[in-house]
There are 2 protein chains.
Amino acid sequence: MQKQYNNRIEVVLEVIGGKWKAHILYHLTRGPTRTGELKRLVTGITQKMLTEQLKELEQDGLVVRKVYNQVPPKVEYTLTEYGQSLKEVLKVLCDWGGDYIKFRYPNGEVTVRNGNEEL
Amino acid sequence: MQKQYNNRIEVVLEVIGGKWKAHILYHLTRGPTRTGELKRLVTGITQKMLTEQLKELEQDGLVVRKVYNQVPPKVEYTLTEYGQSLKEVLKVLCDWGGDYIKFRYPNGEVTVRNGNEEL
DNA sequence: TTCTATAGGTACTTTTTCGTGCCTATGTTA
DNA sequence: TAACATAGGCACGAAAAAGTACCTATAGAA
């Protein structure tokens, strides 16, 4: 069956949408990262969601999974070259999100953990 | 209960995420639009999803609903001034989405309806 | 009188996404 | 020998998002 999107934004949202992907990708923009480190960095994510999302990102050609043949296992995830092009996108999203919070909740009624993470 | 986001991207995704909002917003960037027109423009959306999503966008301060006291009813939706700031975001998303499709499916195995919509 | 156009509401079902709990493998270290 | 560290799999259930079907209101036109 031939897939057909309704518009180009649907495409991006399929790739970076959902509860976790953007946050995972954000950390990967800082360089290759091991599974356990990601688990620590992405606040609140479970093992299952992490590997699941990483697998999808890999299938989408944005992330590379590198396995070191060691015990205990060591696996490292890296942005592909094309994946790097997401940095710009993530930055725009981040900026708008930050501004929006200030606009809507000028008195800090709503906060953002890691609101200081730079992109 | 105090809401707390994990990161700033979560904020944007809550506002423009989901299956329809981005597409609705895209059309609103072109100016005030009546309900029925939106229903026609946003391919495949149902009445229910349309009004539901518009209501949320209104609550989020991005869209204004203007009711004309007529029969049959006339309702017009417009981007708020702050909502205008989304144009830039939508453009970046659109561009990346378009490029990505070319990157992943260079032979047009996957297409985008309205892929020519400009932002 | 009946039908049309317009915008919206509600109950219910289906689909998608996310979370929990528990299991595997293996070399090293205590 | 037993525990540990690391990465991941799977079954199941809960929750969120989306879709379906059907209902309301009203002035004017046929």
Side-chain angles (χ1 to χ4, degrees), chain A residues 1 3-7 9-25 27-28 32-60 63-78, chain B residues 1 3-7 9-25 27-28 32-60 63-78:
Chain A
M1 192 188 340
K3 182 141 198 176
Q4 159 96 315
Y5 290 95
N6 275 322
N7 59 79
I9 294 182
E10 229 175 76
V11 179
V12 205
L13 291 183
E14 188 164 296
V15 169
I16 70 166
K19 191 165 174 184
W20 300 110
K21 283 187 182 159
H23 208 184
I24 294 173
L25 287 165
H27 286 293
L28 290 178
T33 318
R34 294 188 58 181
T35 314
E37 210 179 337
L38 277 175
K39 210 178 341 183
R40 206 168 38 71
L41 291 168
V42 181
T43 325
I45 199 168
T46 63
Q47 169 79 42
K48 184 210 172 200
M49 288 313 289
L50 182 59
T51 56
E52 200 171 292
Q53 303 297 299
L54 283 167
K55 198 180 288 177
E56 290 179 18
L57 290 170
E58 201 192 353
Q59 282 164 359
D60 288 339
V63 160
V64 168
R65 179 168 182 269
K66 183 171 181 185
V67 182
Y68 294 80
N69 208 8
Q70 304 180 358
V71 168
K74 172 176 175 181
V75 177
E76 218 174 56
Y77 293 91
T78 320
Chain B
M1 194 185 338
K3 179 139 202 178
Q4 160 97 312
Y5 290 95
N6 275 322
N7 59 80
I9 294 183
E10 230 174 76
V11 179
V12 204
L13 291 183
E14 188 163 296
V15 168
I16 69 164
K19 191 165 175 184
W20 301 110
K21 283 188 184 162
H23 207 183
I24 295 172
L25 287 165
H27 287 293
L28 290 179
T33 318
R34 295 187 60 179
T35 314
E37 209 176 338
L38 277 175
K39 208 177 340 182
R40 205 169 39 73
L41 291 168
V42 180
T43 324
I45 199 169
T46 62
Q47 168 80 42
K48 184 209 172 203
M49 287 314 288
L50 181 59
T51 55
E52 202 170 292
Q53 303 298 300
L54 282 166
K55 199 181 286 176
E56 288 178 22
L57 290 171
E58 201 193 351
Q59 279 163 2
D60 288 340
V63 161
V64 168
R65 179 169 182 270
K66 183 170 181 187
V67 183
Y68 293 79
N69 209 8
Q70 303 180 356
V71 168
K74 172 175 173 180
V75 177
E76 219 174 53
Y77 293 92
T78 318

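As a basis for the values below, the full set of heavy atoms in this structure was taken, side chains included, without hydrogen atoms, waters or symmetry mates. The structure presented is a predicted model; accordingly, all values stated were derived computationally and were not measured. Residue numbers begin at 1 in each chain, while the letters A, B, ... track the order of the sequences.
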- Message: From C-beta outward on A:Pro72, which listed nucleotide comes closest to its side chain: C:dC18, D:dA5, D:dA18?
- Response: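 Out of C:dC18, D:dA5, D:dA18, the nucleotide with an atom closest to A:Pro72's side chain is D:dA5.
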- Message: Of the options D:dA18, C:dG27, D:dT6, whose atoms approach the side-chain atoms of A:Val71 most closely?
- Response: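 From the listed options, C:dG27 comes nearest.
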Interatomic distance where [atom1] belongs to [X] and [atom2] belongs to [N] [whole Å]:
X       : N      : atom1 : atom2 : result
A:Asn69 : C:dG27 : CG    : P     : 10 Å
B:Gln53 : D:dA16 : CD    : C1'   : 13 Å
B:Glu14 : C:dT17 : CD    : C1'   : 15 Å
B:Glu58 : C:dA7  : CD    : P     : 15 Å
B:Met49 : C:dT10 : CE    : P     : 16 Å
A:Ile24 : C:dC18 : CD1   : P     : 10 Å
B:Leu38 : C:dA7  : CG    : P     : 10 Å
B:Arg40 : C:dT6  : CZ    : P     : 11 Å

- Message: I want to check something: taking the side chain as every heavy atom from C-beta on, are A:Glu58 and A:Val64 in contact at a cut-off of under 4.5 Å?
- Response: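 No; the side chains remain at least 4.5 Å from each other.
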What is the distance from atom [atom1] of [X] to atom [atom2] of [Y], rounded to the nearest 0.5 Å?
X       : Y       : atom1 : atom2 : value
A:Thr35 : A:Glu76 : OG1   : CD    : 9.0 Å
A:Gln53 : A:Tyr77 : CD    : OH    : 11.5 Å
A:Leu25 : A:Ile16 : CG    : CD1   : 7.5 Å

- Sugar-phosphate or base contact per nucleotide [nucleotides 7-15 of chain D; S, B, -; heavy atom under 4.0 Å]: SBSB-----
- Message: So, does A:Lys19 get its side chain near the phosphate of C:dG19, meaning an N or O under 4.0 Å from OP1 or OP2?
- Response: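 Indeed, a polar side-chain atom of A:Lys19 lies that close.
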- When B:Ile24 is tested against each of B:Leu41, B:Val63, B:Ile45, B:Thr33 for side-chain contact (heavy atoms from CB on, under 4.5 Å), which residue passes?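 Of the listed residues B:Leu41, B:Val63, B:Ile45, B:Thr33, the side-chain contact (heavy atoms from CB on, under 4.5 Å) partner of B:Ile24 is B:Ile45.
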- Query: Which pair of non-hydrogen atoms, one from A:Trp20 and one from A:Thr43, has the smallest distance, and what is that distance?
  - Reply: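 Reported closest heavy-atom pair: CZ3-O, 3.4 Å.
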- B:Lys21 and B:Glu56 ion-paired at < 4.0 Å: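 Judged by the 4.0 Å cut-off on N to carboxylate O distance, B:Lys21 and B:Glu56 do form a salt bridge.
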